[in-house]
Each structure stands twice: as C-alpha cells, then as structure tokens.
Amino acid sequence: MLPRAPACIEIALLQARIARPVMFELLREVHVSICTGCSHTPSFHCSDLSAPAHPTHAIPAQTAPIRSQIALGHAFTKGINFKGSLRGSQKPCSEVWGLGCVLVSSAPSLQGLMRHVASQVVERCRALGASSARLVSGSMEDMATTRQLVEVAEAELGGLDMLILNHVGKSYFNYFDGDVGHVQKLLDINFLSYVAMTVSALPMLKRSGGSIVVVSSMAGKVGFPFTVPYSATKFALDGFFSSLRQEFSIQSVNVSITLCILGFIDTENAMRAAADVLLMSPAPKEECALEIIKGGTLRQREVYYRYASTKLPLLLRDWAAELLDLLVRQRYRPERLRAA
Ligand SMILES: NC(=O)C1=CN([C@@H]2O[C@H](COP(=O)(O)OP(=O)(O)OC[C@H]3O[C@@H](n4cnc5c(N)ncnc54)[C@H](OP(=O)(O)O)[C@@H]3O)[C@@H](O)[C@H]2O)C=CC1
Ligand SMILES: CC(C)CCC[C@@H](C)[C@H]1CC[C@H]2[C@@H]3C(=O)C=C4C[C@@H](O)CC[C@]4(C)[C@H]3CC[C@]12C
C-alpha cells in the first residue's frame with residue numbers, strides 16, 4: 001500500500017487503463033488530483049455495475065453514463081480506471097483499496113433512477129474500500145458546481161497536486177450555423193469552468209507546488225473548418241493560461257501550467273463526428289492520456305500529441321499560414337458532412 005503523504009496524491013486521468021508501471025513511476029510524486037471529463041475512460045456506465053459482488057449493494061442495470069467523474073485517490077497502481085476498478089468488484093477488493101473519488105453527475109441525469117444509481121455507486125466505492133467517495137450533483141457550466149467540487153476535494157483529501165481540465169461540452173462538426181447561444185454555452189463549459197476551477201483550486205495548488213493541466217487542441221492554435229464554436233473556446237484557453245503562466249513566473253508562484261495541443265484522437269465522440277470527413281488517421285487515446293500525464297508531471301509548458309502532426313504544422317503556421325490553411329483543407333472531405 002502506498003504511503004499517504006500530505007497533499008500528495010496519485011491520480012489518473014482519461015483512459016487510465018494506460019496506467020500500469022509507467023504511470024506508477026510518473027505519478028509517484030503526485031498524490032491528489034482532480035480530473036474532469038474522463039469520458040473516454042472512466043465514463044463508466046452503470047451497466048458495468050450490474051453484476052455486483054456484494055449483493056447488498058446491487059445496482060440496477062442502466063446504460064446512461066455518469067457525467068464527468070472526478071477521480072481523486074490512491075489507487076493508481078491500477079490506474080483510476082473507474083470501469084476497471086468498479087468492475088473489479090468481481091475481483092478481490094484489494095484492487096480498489098484506497099480509491100477516493102468524487103463523482104460529478106449532471107443535473108438532468110440526477111433525476112429519478114439516475115440519482116438513485118449514482119448514490120448506489122458511491123456506496124459501492126465505499127464498500128470496496130474507497131478512502132472516500134462523494135457525489136456532487138451539477139454540471140461544469142455551473143460555476144457553483146466547480147467551486148463545490150474543489151471544496152469537496154479539499155475536505156475529502158486535504159490537498160491537491162494536480163488539476164487536469166479535460167471536459168468539453170457537446171458541439172457539432174459542420175459549417176457554423178450562426179447560433180450565438182451555442183457559442184456562449186460552449187464558452188461556459190469549455191472555457192469559463194476551467195477558469196473557475198483554477199481559481200478555486202489555486203490556494204491548494206500553491207500550497208503543494210502543484211500543476212494545472214489544460215487539455216486543448218490543434219483547433220486552439222489553428223483555424224480548422226467545421227469546429228467554429230469549439231475552436232473559439234480552445235483559443236480562449238491559450239490566451240488565459242499562457243498569460244497566467246507569465247504572471248506566475250513574475251510572482252514566483254510555484255504552480256506549473258501545461259497546455260496540451262492534441263491532434264485527432266480516436267475517442268468515440270470524435271470518431272463519430274469526424275472520421276468520415278477527415279483524411280487522416282486518429283492517434284490512440286491511451287497513448288494520448290499517457291502523454292498528457294507525463295507532460296503535467298514533468299511540468300512541461302506545452303504537450304504536443306502527436307508531435308509530428310502538431311508541432312511541425314505549427315512551425316509552418318508562423319511562416320506560411322496560407323500554405324498551412326491549404327494543406328489542412330486538402331485533408332477534409334466536406335461532401336461527406338452529415339446534413340445539419
Ligand atoms: N478527440 C479528439 O480528437 C480531440 C480531443 N481533444 C480534447 O481532449 C479532451 C477530451 O476529449 P474527448 O474525450 O474526445 O471528448 P468527449 O466528448 O469524448 O468527452 C467529453 C467529456 O466531458 C464531459 N462533459 C461534457 N459536458 C459537460 C458538462 N457540462 N459538465 C461536466 N462534464 C461534461 C462528458 O461527460 P458525458 O459523457 O457525461 O457527457 C465527457 O465525459 C477535450 O478537452 C478535447 O477538446 C483535443 C483534440 C482532439
Ligand atoms: C495540420 C493538420 C495535419 C492537423 C489537423 C488536425 C485536425 C484535423 C484535428 C485537430 C483537432 C481536431 C478536432 C478536435 O480538437 C476535437 C474534436 C471534437 C470531436 O467531438 C469531433 C472531432 C474534433 C472536431 C476534432 C477533428 C479533427 C481536428 C480538427
């Protein structure tokens with residue numbers, strides 16, 4: 001069992017299935033983290049829990065995902081692969097020893113059965129030996145939720161080493177449709193909530209000399225077609241966090257900020273939205289998650305994944321922007337867009 005050092009945590013993120021020895025090494029010094037929007041990993045579906053090892057905690061089969069877990073805890077030797085860990089209910093409980101978690105469930109899904117299921121999941125975490133398990137209801141565009149999350153993290157774990165900001169609201173992959181309300185909503189979810197989480201978590205991060213990891217995109221550095229609202233939110237992240245990093249440096253604030261510039265990744269939503277239209281192959285989400293964690297742990301300024309298809313085009317951007325625009329357009333098949 002790992003020692004529980006103050007304000008030190010293990011965490012995992014995204015597809016923490018990647019964890020295992022490499023991640024263990026990387027995160028040896030990181031003891032507590034919050035990771036938002038862990039969909040392509042732990043977005044666990046309650047159906048995963050439908051065969052409980054502990055009959056007293058039977059959970060009804062249900063397919064709706066619980067939104068955006070924040071996993072905090074102590075079980076990263078297995079990765080905080082919620083799916084794996086909770087399915088681990090069929091394996092020895094030692095698999096999830098010490099797992100601490102805060103689940104965030106969106107308001108709509110907290111109606112009726114979902115609410116019941118969510119609280120059963122919390123019970124299950126405890127029953128399996130979780131060091132802590134709490135449920136916060138809300139959505140990330142609600143600033144009160146972001147504050148509450150950090151408060152709960154502080155109360156449950158007493159400190160924070162790493163804040164991984166990863167969630168994104170649903171958008172469309174198509175020509176800009178002129179819906180200003182959607183741009184505003186997406187800014188709330190993809191940008192303002194990141195700002196709010198940062199503000200709330202900063203006192204804890206300052207105390208631990210921790211790290212902020214901001215998951216962004218090539219679409220936050222270069223204009224691509226069909227992602228206009230999304231792209232706006234990602235450019236905003238660069239402005240805010242790159243500027244804040246400068247201030248931290250001037251003020252000697254020992255909190256690192258890592259901006260992750262990702263290319264096309266094979267998550268379910270991305271594949272569904274864009275695979276038909278893009279003439280390029282996606283990179284694997286597991287390796288991507290590892291690179292993000294590595295970059296954050298090593299306190300890198302920026303992470304480029306995959307390097308060749310992100311860093312190199314960015315060099316071209318600053319020297320030959322129009323050429324890059326043309327090369328990008330050549331990789332799109334607009335005729336394959338779905339009817340809006
Ligand atoms: N996949 C790709 O090709 C690329 C991805 N990226 C970046 O990587 C990160 C992860 O992307 P990816 O996994 O593909 O995204 P997904 O769309 O697969 O997952 C988004 C996650 O955010 C959660 N979420 C959405 N809205 C809210 C909300 N209002 N409150 C709380 N949680 C919310 C979702 O929860 P739920 O499932 O419950 O809806 C889900 O867990 C993002 O920052 C994205 O911009 C960057 C470049 C390329
Ligand atoms: C210079 C070029 C070789 C690199 C081009 C890379 C382009 C094509 C990559 C970089 C970032 C990618 C998008 C992204 O960030 C997130 C999403 C959200 C998801 O739900 C739907 C897919 C989408 C739009 C990705 C589509 C492909 C994008 C534009």
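All ligand and atom numbering here is 1-based and tracks the order in the structure. For the numbers below, each heavy atom of this structure counts, side chains included, while hydrogens, waters and symmetry mates do not.
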Out of A275, A274, G263, who gets a non-hydrogen atom closest to atom 48 (C) of ligand 1?
->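 Result: the heavy atom closest to atom 48 (C) of ligand 1 is in G263.
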Select one of side chain, backbone, both or neither to describe which atoms of [X] lie under 4.0 Å from any atom of ligand 1, heavy atoms only.
| X | value |
| --- | --- |
| A219 | neither |
| K285 | neither |
| V168 | both |

T198 and F241: side chain to side chain contact (heavy atoms under 4.5 Å, CB included), yes or no, with the steps?
-> CA-CA 10 Å; T198 298; F241 284 99; 3.4 Å; yes
Ligand-side contact atoms (ligand 1) for residue partner S216, heavy atom cut-off under 4.0 Å =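 Those of ligand 1 that fall under 4.0 Å from S216 are 46 (C).
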Could you list which atoms of ligand 1 come closer than 4.0 Å to a heavy atom of G169?
->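 That gives atoms 25 (C), 26 (N) of ligand 1.
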Which heavy atom in E141 sits nearest to a heavy atom in D188, and how many Å separate them?
->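 For E141 and D188, the tightest heavy-atom pair comes out as CB-CB, 3.8 Å.
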Nearest atoms (heavy-atom pairs only) where M218 meets P313 = CE-CB, 3.9 Å
Tell me, yes or no, whether the heavy-atom count around Q251 atom CD, taken from other residues, nucleotides or ligands under 6.0 Å, exceeds 12.
-> yes
Yes or no: does [X] have any heavy atom under 4.0 Å from an atom of ligand 1?
| X | answer |
| --- | --- |
| M218 | no |
| S193 | no |
| C288 | no |

Examine [X] and [Y] and state if one hydrophobic cluster contains both, with Ile, Leu, Val, Met, Phe, Trp and Tyr joined whenever side-chain heavy atoms are less than 4.5 Å apart.
| X | Y | result |
| --- | --- | --- |
| F240 | L192 | yes |
| L314 | L327 | yes |
| I189 | M143 | no |

Pairs where residues 307-339 contributes a residue and the test ring pair (Phe, Tyr, Trp, His ring centres under 6.0 Å) is met, not counting sequence neighbours |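 Ring pair (Phe, Tyr, Trp, His ring centres under 6.0 Å) check on residues 307-339 returns F226-Y332.
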Please indicate whether any nitrogen or oxygen in [X] is less than 3.5 Å from any nitrogen or oxygen in ligand 1.
| X | answer |
| --- | --- |
| I265 | yes |
| S217 | no |
| T267 | yes |

Identify, with sequence neighbours excluded, every residue that meets side chain to side chain contact (heavy atoms under 4.5 Å, CB included) alongside P229.
->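 If we apply the side chain to side chain contact (heavy atoms under 4.5 Å, CB included) test to P229, skipping adjacent residues, the hits are S171, Y172, F176, H182, V183, L186.
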Counterpart residues, side chain to side chain contact (heavy atoms under 4.5 Å, CB included), relative to A321 (two or more places apart) = none
At less than 3.5 Å, what protein N or O atoms come close to the N or O atoms of ligand 2? Include the distances to 0.1 Å.
residue: ligand 2; atom: 15 (O); partner: S217; partner atom: OG; Å: 2.6
residue: ligand 2; atom: 15 (O); partner: Y230; partner atom: OH; Å: 2.8

Distance (rounded to the nearest 0.5 Å) between S217 OG and D238 CG =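 Here the interatomic distance stands at 11.0 Å.
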